[in-house]
Enquirer: 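For reference, the structure I am asking about is given below.
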Amino acid sequence: MGDLNKLGLAEARDALRAGDVTSVELTDACLSAIDGAGALNAFVHHTPEIARTQAAAADARIKAGDAPAMCGLPIGIKDLFCTKGVPSQAGSRILEGFLPQYESTVSQNLFDSGAVMLGKLNMDEFAMGSSNETSVYGNAVNPWKVDSRQLTPGGSSGGSASAVAADLCLAATGTDTGGSIRQPAAFVGITGIKPTYGRCSRWGVVAFASSLDQAGPMTKSVRDAAIMLEAMCSHDPKDSTSADLPVPNFEAMLTGDIKGKKIGIPKEYRMDGMPDEIEALWANGTAMLRDAGAEIVDISLPHTKYALPAYYVIAPAEASSNLARYDGVRYGHRARLDQGDGITEMYEKTRAEGFGAEVQRRVMIGTYVLSAGFYDAYYNRARRVRTLIKKDFEDVFAQGIDAILTPATPSAAFGLGEASDDPVEMYLNDVFTVTVNMAGLPGIAVPAGQDAQGLPLGLQLIGRPWEEGDLLNTAYALEARAGFVAKPEKWW
């Protein structure tokens, strides 16, 4: 039973339906793995009682012949999703003790589909970070290791990435505002997809930047991503940006046939100083897709170089507005006050104690770019750049391009603490991913190779809006040819 946690969603689903295993057995295997993985600090709130109750109910549904797609499959939930009666802190001290009395739409969809919740997963505070080092729980750790160096699992969905790669759960939810599903997925050698903006409801997901945030699955394979994404998606009247579109059967679209598809290779993603191994990985991925029958086309996305600075104006601006609600009055952390302190002092002390340094930095940047005298110079200009970035992609897709291939990250996972003193260096981790969020497009990271030290490297595919099925199928073809099966050696 100890190896059941190593299964993927598709394998476990088929074993459950064949009667070869029960959800309770699967769940107990994962809970045992979690108990033995404290060194990874991936799970921050454990819910074994809920998990076993949900697993028993799933077994009853399977026995009765009523087994939806995720029935009986144990997963982890990123701490950014509100889960009813379970701590939901967004990795922040300011939400200490917060127990939502409602369920996020995405997690409710998963539970309606029979999924089993093992617990809540570590993350950068309010999803602001690329290394999981801004979490109030302390950093999650990458299960891949080089000598004695502890590596980042990426961020902000670092706990989700670490847990899936280490087989603590079969899959996990993540969120992606500028690359927070795809970058950690690439760092740990798993698959992660950010769907089109509006495909998954944001209701009940603690907001960072509302025009950029999107939930998605982090899984052990492309097939698993297709299964879980379908369960997560829905139209939600409670989210005004939720798309009222039918959700396809993504798994049924995985044929692996991409003959005649046009794959764009953007020249602007060839950055100065890009490591040779990232260049080689990209070239290998291009060759794999060509071998699968796709046509490779050189394309231009001319405003790419402006994406990162524009993102780091828009995202902090929206964060400063969204995080204004955390004041210590109604819920969460409240600072101890001195005699004579008034409500203003309470706000100031609570927010100073409750928000970490990176969140404070972004709130201050956001407030500055929205202030009188700077609004046009920064925020409005960044919004115009965003429109140009979106048009770049529209023009390319209008030329018949079906998907775009790029690296997922500029390097393999780096050591914990190696970039935390330099915010700009940390922000550069998002250089290949932020354009996808700025344009609202779907993007997927697929493990495709290893560096000289044996660490995983990922490639990114960017798809047309609302065409997640086609994107997943192209990723499926890439995955088959990359043949990435490496796993981290257990040290934790």
Enquirer: Between Gln108 and Asp112, do the side chains contain a donor N or O and an acceptor N or O under 3.5 Å apart?
Expert: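 There is such a pair (donor and acceptor under 3.5 Å, judged by atom type) between the side chains of Asp112 and Gln108.
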Enquirer: Hey, does the side chain of Asp257 reach the backbone of Lys259 with a donor-acceptor pair shorter than 3.5 angstrom?
Expert: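 Confirmed, Asp257 side chain pairs with Lys259 backbone.
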Enquirer: From the options Glu251, Glu11, Glu479, select the one residue that forms a side-chain hydrogen bond (donor to acceptor under 3.5 Å, both in side chains) with Arg223.
Expert: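 With Arg223 as partner, Glu251, Glu11, Glu479 yield a single side-chain hydrogen bond (donor to acceptor under 3.5 Å, both in side chains), made by Glu251.
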Enquirer: Please list, chain by chain and in numerical order, all residues satisfying salt bridge (Lys or Arg N to Asp or Glu O under 4.0 Å) with Glu468, sequence neighbours excluded.
Expert: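 Partners of Glu468 under the salt bridge (Lys or Arg N to Asp or Glu O under 4.0 Å) test: Arg199.
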Enquirer: Taking the side chain as everything from C-beta on, heavy atoms only, tell me whether Phe208 gets closer than 4.5 Å to Leu323.
Expert: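 Phe208 vs Leu323: side chains apart.
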Enquirer: Give the intermediate values and the outcome of salt bridge (charged side-chain N to carboxylate O under 4.0 Å, His left out) for residues Arg61 and Asp66.
Expert: CA-CA 5 Å; Arg61 291 184 75 175; Asp66 170 31; 3.2 Å; yes
Enquirer: Would you say Lys487 has more than 12 foreign heavy atoms packed within less than 6.0 Å of its NZ?
Expert: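 Yes, enclosed.
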Enquirer: Excluding sequence neighbours, so at least two apart, what forms side chain to side chain donor-acceptor pair (under 3.5 Å) with Glu318?
Expert: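 Here the qualifying residues are Ser211.
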Enquirer: Give the C-alpha distance, both sets of side-chain angles, the deciding distance and a yes or no for salt bridge (charged side-chain N to carboxylate O under 4.0 Å, His left out) between Lys6 and Asp167.
Expert: CA-CA 5 Å; Lys6 296 181 179 179; Asp167 295 318; 5.6 Å; no
Enquirer: Say whether, by atom type as modelled, one donor and one acceptor occur between the side chain of Ser131 and the main chain of Thr152 under 3.5 angstrom.
Expert: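 Between the backbone of Thr152 and the side chain of Ser131 there is no qualifying donor-acceptor contact (under 3.5 Å).
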Enquirer: Relative to the ring of Phe355, is the ring of Phe126 parallel (under 30°), tilted (30 to 60°) or perpendicular (over 60°)?
Expert: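 The rings of Phe126 and Phe355 stand perpendicular, inter-plane angle above 60°.
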Enquirer: Say whether, by atom type as modelled, one donor and one acceptor occur between the side chain of Asp236 and the main chain of Ser242 under 3.5 angstrom.
Expert: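 The answer is no, because no donor-acceptor pair under 3.5 Å joins these two groups.
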Enquirer: Quick one: does Pro410's side chain get under 4.5 Å of Ile278's, heavy atoms only?
Expert: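 Not in contact.
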Enquirer: Looking just at side-chain N and O atoms, do Thr177 and Ser180 make a donor-acceptor pair shorter than 3.5 Å?
Expert: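 Thr177 vs Ser180: no donor-acceptor pair found between side chains.
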Enquirer: Find the distance between CG (Leu472) and CG (Leu229) and round it off to the nearest 0.5 Å.
Expert: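 Going from CG on Leu472 over to CG on Leu229, the span is 6.5 Å.
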Enquirer: Check whether the side chains of Ser135 and Asp124 place a donor and an acceptor atom closer than 3.5 Å, and report yes or no.
Expert: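 Ser135 vs Asp124: no donor-acceptor pair found between side chains.
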Enquirer: For the residue pair Thr435 and Tyr269, establish whether any side-chain heavy-atom pair is separated by less than 4.5 Å.
Expert: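 Answer yes - side chains close enough.
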Enquirer: Are Ser92 and Val136 side-chain neighbours, meaning at least one heavy-atom pair lies under 4.5 Å?
Expert: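 No; the side chains remain at least 4.5 Å from each other.
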Enquirer: Would you say Thr191 and Lys220 make side-chain contact, with heavy atoms under 4.5 Å?
Expert: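 No, every pair of side-chain atoms sits at 4.5 Å or beyond.
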Enquirer: Using atom types as modelled and distance alone, determine if a side-chain donor or acceptor of Arg13 lies under 3.5 Å from a backbone N or O of Leu73.
Expert: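 Judged by distance alone, no pair lies under 3.5 Å.
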Enquirer: Looking just at side-chain N and O atoms, do Thr241 and Arg202 make a donor-acceptor pair shorter than 3.5 Å?
Expert: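 Yes - a donor-acceptor pair under 3.5 Å links their side chains.
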Enquirer: Let me confirm one number: the CD-NZ distance from Glu103 to Lys84, rounded to the nearest 0.5 Å.
Expert: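 With rounding to 0.5 Å, CD (Glu103) is 8.5 Å from NZ (Lys84).
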Enquirer: I'd like to check Ile265 versus Trp282 (side-chain heavy atoms, cut-off strictly below 4.5 Å). Are they in contact?
Expert: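 When only atoms from C-beta onward are counted, Trp282 and Ile265 do touch, with a gap below 4.5 Å.
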Enquirer: Any non-hydrogen side-chain atom of Thr175 less than 4.5 Å from a side-chain atom of Val205?
Expert: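 Of all side-chain heavy-atom pairs linking Val205 with Thr175, at least one is under 4.5 Å.
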Enquirer: If only side-chain N and O atoms count, and only distance matters, is there a donor-acceptor pair under 3.5 Å linking Thr409 with Gln183?
Expert: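 Not at all, the side chains of Gln183 and Thr409 share no donor-acceptor pair under 3.5 Å.
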Enquirer: Does any donor atom in the side chain of Asp79 or Tyr137 lie under 3.5 Å from an acceptor atom in the other side chain?
Expert: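 Distance-only check passes for Asp79 and Tyr137.
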Enquirer: Treating Asp224 as the side-chain partner and Leu9 as the backbone partner, does any N or O pair qualify as donor plus acceptor under 3.5 Å?
Expert: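 Side chain of Asp224 to backbone of Leu9: a pair is present.
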Enquirer: So does Arg464 pair up with Asp470, basic N to acidic O under 4.0 Å?
Expert: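 Salt bridge flag = no for Asp470 with Arg464.
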Enquirer: Roughly how far, to the nearest 0.5 Å, is the CZ atom of Arg52 from the CG atom of Leu118?
Expert: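 Separation between the atoms: 10.0 Å.
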Enquirer: Quick one: CD1 on Ile50 to OG1 on Thr27, what's the gap to the nearest 0.5 Å?
Expert: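 Rounded to the nearest 0.5 Å, the CD1-OG1 separation comes out at 12.5 Å.
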Enquirer: Using a distance-only test with no angle check, is there a side-chain donor-acceptor pair under 3.5 angstrom linking Ser160 and Lys78?
Expert: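 No pair is found: no donor N or O on one side chain lies under 3.5 Å from an acceptor on the other.
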Enquirer: Return yes if a side-chain donor-acceptor contact under 3.5 Å exists between Thr83 and Lys120, otherwise no.
Expert: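 Indeed, the side chains of Thr83 and Lys120 share at least one donor-acceptor pair under 3.5 Å.
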Enquirer: Indicate yes or no for a side-chain donor-acceptor contact from Asp430 to the backbone of Ser130 under 3.5 Å, with no hydrogens or angles considered.
Expert: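 No, because the side chain of Asp430 does not come within donor-acceptor range (under 3.5 Å) of the backbone of Ser130.
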Enquirer: Any salt bridge between Lys63 and Asp59, counting N to O under 4.0 Å?
Expert: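 The answer is no: the pair does not qualify as a salt bridge.
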Enquirer: If we ignore angles and hydrogens, is there a donor and acceptor under 3.5 Å between the side chains of Asn109 and Ser234?
Expert: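 There is such a pair between these side chains.
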Enquirer: Report yes or no: do Asn437 and Asp176 form a side-chain donor-acceptor pair below 3.5 Å?
Expert: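 Their side chains do contain a donor-acceptor pair, which is all the 3.5 Å distance test asks for.
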Enquirer: Please examine the side chains of Ile190 and Thr219, heavy atoms only from C-beta on, and report whether any two atoms are closer than 4.5 Å.
Expert: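 They are not in contact (no side-chain heavy atoms under 4.5 Å apart), so the answer is no.
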Enquirer: Once rounded to the nearest 0.5 Å, what's the spacing between atom OG of Ser156 and atom CD1 of Ile181?
Expert: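 Separation between the atoms: 8.5 Å.
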Enquirer: Thr474 pairs by side chain to side chain contact (heavy atoms under 4.5 Å, CB included) with which of Leu405, Ile258, Val222?
Expert: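 The option that passes is Ile258.
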